[in-house]
Amino acid sequence: MTLKVTLCDDSRMARKQLIKSLPKDWDATVYQAEHGEQALQRIENGEAQLLLLDLNMPVMDGYEVLEHLAQYERDCVVIVISGDIQPEAYQRVIKLGALAFVKKPFKTTEIAQHLQQFGLYQPGSGHLQEASEVEVAASALDVYREVANVAMGQAGDHIARVLNQFIELPVPNVNWIAPSELHMALQSIDQAERVSAVSQGFAGSGILGEALTLLTDTSVEDVRKLLGEQLSGTEQQQRIEALMDVASIITSACLNGLGHQLHVEFTASQPVLLGQHKSLADLLSQPQQRWQKVLAIEIGYQLPKHRIGFDLLILLPEDAVLRLDQQVAHWYAD
């Protein structure tokens, strides 16, 4: 009997790459969903005996889908495929009933191995089919969103281990903006709050960019308390040290994740304290004016058990993105 399979991921590029990795001799029909609510509808329609599920999505995320399936005992098995590689993320999804957890980026053969392990695929059993649906082609921005998603997960895992806390990962925002619009690009920081920021330039293969880490004053103080004995000096010195440590860890891990996927070895400069206790508009009024247009990747991390939130902005000027576009074109080309 042909297996009905739904791929649920908000990234068109991620779904396309996943379809390419599925065994071509698999007796299965593949459907797609952009978020958890669509996935549940697929299940209701009998189109998801197997669900390949992302975690960080808009509308309804993967955790909520798993909780729904556990509560209502839906006849559907789930394999999670996610860039959120924190140990607690793995523990949560397995506890909620997922068969397995596959970390992004995954190897081409990895999915087939899991399918065989759970008796969901036998080589030579049939022919893989895609349900006839109108699918919008992936674009360069889709590629950068998915690349940012994977890098975000790796950076989140690093800072989660340092702070010994679970980090709530968002859906990254990736858009072209003018430098004067930077403060408007930040969606997870209240515009009325006072913030502090650290700037780090980076370069690799002739590509220049800048990373900004921003924390509200409340978040800086709570991070200082979490780090505790790891910090020294007066409370003000500890706040600055905590801010610089978080910025260095997040920026380094995220750039490593981006560079690995884009085949660029990025090197970051020493972090520079851009400002403290300022409004977002004042804080971001000076930097990046040398660029007319930038690709802004915004990642807003949250610690749900604390009042801590921090944003990472990766800024790439237009000429840098044009170079990168040539390297990733094959990811979204038909």
Side-chain angles (χ1 to χ4, degrees), residues 148 152 155-156 158-170 172-173 175 177-202 209-255 268-291 294 296-317:
M152 170 190 74
H158 276 260
I159 198 67
R161 293 175 188 273
V162 170
L163 299 177
N164 194 29
Q165 297 289 324
F166 179 72
I167 306 292
E168 194 172 87
L169 301 183
N173 297 308
N175 289 293
I177 61 171
S180 60
E181 300 170 332
L182 280 179
H183 66 284
M184 292 186 289
L186 290 162
Q187 298 183 11
S188 61
I189 291 183
D190 187 334
Q191 301 286 316
E193 290 195 76
R194 311 300 282 181
V195 295
S196 301
V198 174
S199 172
Q200 282 185 267
F202 61 87
E210 189 153 359
L212 298 176
T213 306
L214 301 101
L215 283 82
T216 65
D217 287 355
T218 301
S219 294
V220 173
E221 175 61 17
D222 282 7
V223 170
R224 182 189 73 82
K225 292 176 180 177
L226 274 181
L227 291 175
E229 296 179 356
Q230 299 179 47
L231 304 174
S232 58
T234 65
E235 287 191 0
Q236 176 59 14
Q237 289 171 332
Q238 289 179 3
R239 291 188 189 97
I240 293 175
E241 185 179 349
L243 176 62
M244 302 294 271
D245 284 352
V246 167
S248 294
I249 293 166
I250 284 290
T251 299
S252 176
C254 199
L255 288 178
S269 64
Q270 289 296 315
V272 175
L273 184 61
L274 196 63
Q276 290 183 279
H277 320 304
K278 295 184 178 181
S279 70
L280 274 175
D282 289 341
L283 193 62
L284 300 177
S285 61
Q286 297 301 320
Q288 298 83 42
Q289 294 304 318
R290 62 189 180 277
W291 299 330
V294 295
I297 301 173
E298 186 226 352
I299 302 167
Y301 296 92
Q302 299 289 327
L303 276 69
K305 296 180 181 179
H306 298 270
R307 300 176 299 167
I308 299 174
F310 40 90
D311 268 55
L312 176 65
L313 267 176
I314 301 291
L315 305 174
L316 291 161

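Computed over heavy atoms, backbone and side chain alike; hydrogens, waters and symmetry mates excluded.
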Query raised in the report: Do Leu215 and Ser196 come within less than 4.5 Å of each other through their side chains, counting heavy atoms only?
Result: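 No. Closest side-chain heavy atoms not under 4.5 Å.
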**Report entry** pair Phe310-Leu303: side-chain heavy atoms closer than 4.5 Å
**Finding:**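 Phe310 reaches Leu303 side chain to side chain.
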Over all heavy atoms of both residues, which pair between [X] and [Y] is shortest? Give the atoms and the distance, please.
{"X": "Tyr301", "Y": "Gly156", "value": "CE2-CA, 3.8 Å"}
{"X": "Pro170", "Y": "Gly300", "value": "CG-O, 3.2 Å"}
{"X": "Ala268", "Y": "Gln200", "value": "CB-NE2, 3.8 Å"}
{"X": "Ser219", "Y": "Ile308", "value": "OG-CA, 3.6 Å"}
{"X": "Ile167", "Y": "Ala160", "value": "CG1-CB, 3.6 Å"}
{"X": "Leu274", "Y": "Ser199", "value": "CD1-CB, 4.3 Å"}

Working to the nearest 0.5 angstrom, can you tell me the gap between [X] [atom1] and [Y] [atom2]?
{"X": "Glu221", "Y": "Leu226", "atom1": "CD", "atom2": "CG", "result": "10.5 Å"}
{"X": "Arg239", "Y": "Asp222", "atom1": "CZ", "atom2": "CG", "result": "11.0 Å"}
{"X": "Ser248", "Y": "His158", "atom1": "OG", "atom2": "NE2", "result": "13.5 Å"}
{"X": "Glu235", "Y": "Lys225", "atom1": "CD", "atom2": "NZ", "result": "8.5 Å"}
{"X": "Glu229", "Y": "Gln238", "atom1": "CD", "atom2": "CD", "result": "10.5 Å"}

**Report entry** Candidate pair Leu280 and Leu214, rule side-chain contact (heavy atoms from CB on, under 4.5 Å), full reasoning
**Finding:** CA-CA 9 Å; Leu280 274 175; Leu214 301 101; 3.7 Å; yes
Requested in this report: Take Leu255 and Ile314 through the side-chain contact (heavy atoms from CB on, under 4.5 Å) test and state the conclusion after the steps.
Outcome: CA-CA 9 Å; Leu255 288 178; Ile314 301 291; 4.3 Å; yes
Report task. Decide yes or no on side-chain contact (heavy atoms from CB on, under 4.5 Å) for Ile299 and Leu169, but give the supporting numbers first. Result -> CA-CA 8 Å; Ile299 302 167; Leu169 301 183; over 6 Å; no
Requested in this report: Determine, for Arg194 against Asp217, whether the closest basic-nitrogen to carboxylate-oxygen distance falls under 4.0 angstrom.
Outcome: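 Salt bridge absent between Arg194 and Asp217.
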Query raised in the report: Only one of Ile249, Leu243, Leu312 clears side chain to side chain contact (heavy atoms under 4.5 Å, CB included) with Thr213; which?
Result: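 Result: among Ile249, Leu243, Leu312, Leu312 is the only option passing the side chain to side chain contact (heavy atoms under 4.5 Å, CB included) with Thr213.
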Query raised in the report: Which of these passes side chain to side chain contact (heavy atoms under 4.5 Å, CB included) with Arg224: Asp245, Ile240, Leu231?
Result: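 Between Arg224 and the candidates, side chain to side chain contact (heavy atoms under 4.5 Å, CB included) is satisfied uniquely by Leu231.
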Query - Phe202 vs Thr251, side-chain contact (heavy atoms from CB on, under 4.5 Å): CA-CA, chis, key distance, verdict - result: CA-CA 10 Å; Phe202 61 87; Thr251 299; 5.7 Å; no
**Report entry** Contacts of type side chain to side chain donor-acceptor pair (under 3.5 Å), residue Gln276, not counting sequence neighbours
**Finding:**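 Once residues adjacent in sequence are excluded, Gln276 has no partner under the side chain to side chain donor-acceptor pair (under 3.5 Å) criterion.
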**Report entry** Gln270 atom CD, over 12 foreign heavy atoms within 6.0 Å
**Finding:**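 Atom CD in Gln270 is not packed in, count stays at 12 or less.
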